[in-house]
Amino acid sequence: MDIDGVKTTIRAGSRAAKAGAKILEQAASEAAEADALARVTIHDSEHEYAQKALDGMAGLAREVEVTLRRFTAAVEHADAYVRALG
């Protein structure tokens, strides 16, 4: 593979990462809506599984943030590498 092929492959990976981030952002938005509805629905519940569910949703939000940062970093590094290749 020549240098142009390498750059093309890296750019394709960068585009895929951007698309993945967009999909994850959409899913995160829907999950946030579900979280809000769940909190309203079970706000005064004393059932042990209710709190576990809410804790799980909070964990999901943290994982989404971390994954979005990873997508962003991957795109930035890929773009920087392509620039370095010339």
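The shown structure was predicted, so the numbers you read here are calculated from the model rather than taken from an experiment.
In the hydrophobic cluster analysis, where Ile, Leu, Val, Met, Phe, Trp and Tyr join through side-chain heavy atoms closer than 4.5 angstrom, Y49 is grouped apart from M57. Hydrophobic clustering (side-chain heavy atoms under 4.5 Å, transitive across Ile, Leu, Val, Met, Phe, Trp, Tyr) groups M1 together with I3. Tracing side-chain contacts under 4.5 Å through hydrophobic residues (I, L, V, M, F, W, Y), one never reaches L54 starting from V40; they form parts of separate clusters.
Atoms CZ and NZ, on F71 and K22 in that order, are 13.5 Å from each other to the nearest 0.5 Å. To the nearest 0.5 Å, the span separating CZ on R83 from CG on D79 amounts to 6.0 Å. From E30, atom CD reaches atom CD of E33 across 7.0 Å, with rounding to the nearest 0.5 Å. Distance CD1/I42 to NE2/H47: 10.5 Å, rounded to 0.5 Å.
Among all heavy-atom pairs drawn from A31 and L60, the shortest one is CB-CD2, 3.7 Å. A28 approaches V64 most closely through the heavy-atom pair CB-CG1, 3.5 Å. Nearest heavy-atom pair across L85 and K7 is CD1-CG, 3.8 Å. Taking both residues in full, the closest heavy atoms of V75 and S14 are given as CG1-OG, 3.5 Å, listed atom of the first, atom of the second, then distance.
For T9 (side chain) and G5 (main-chain N/O), a donor-acceptor pair under 3.5 Å exists by modelled atom type.
With V6 as the fixed residue, the side-chain contact (heavy atoms from CB on, under 4.5 Å) test singles out one of T8, D4, D2, I10: I10.
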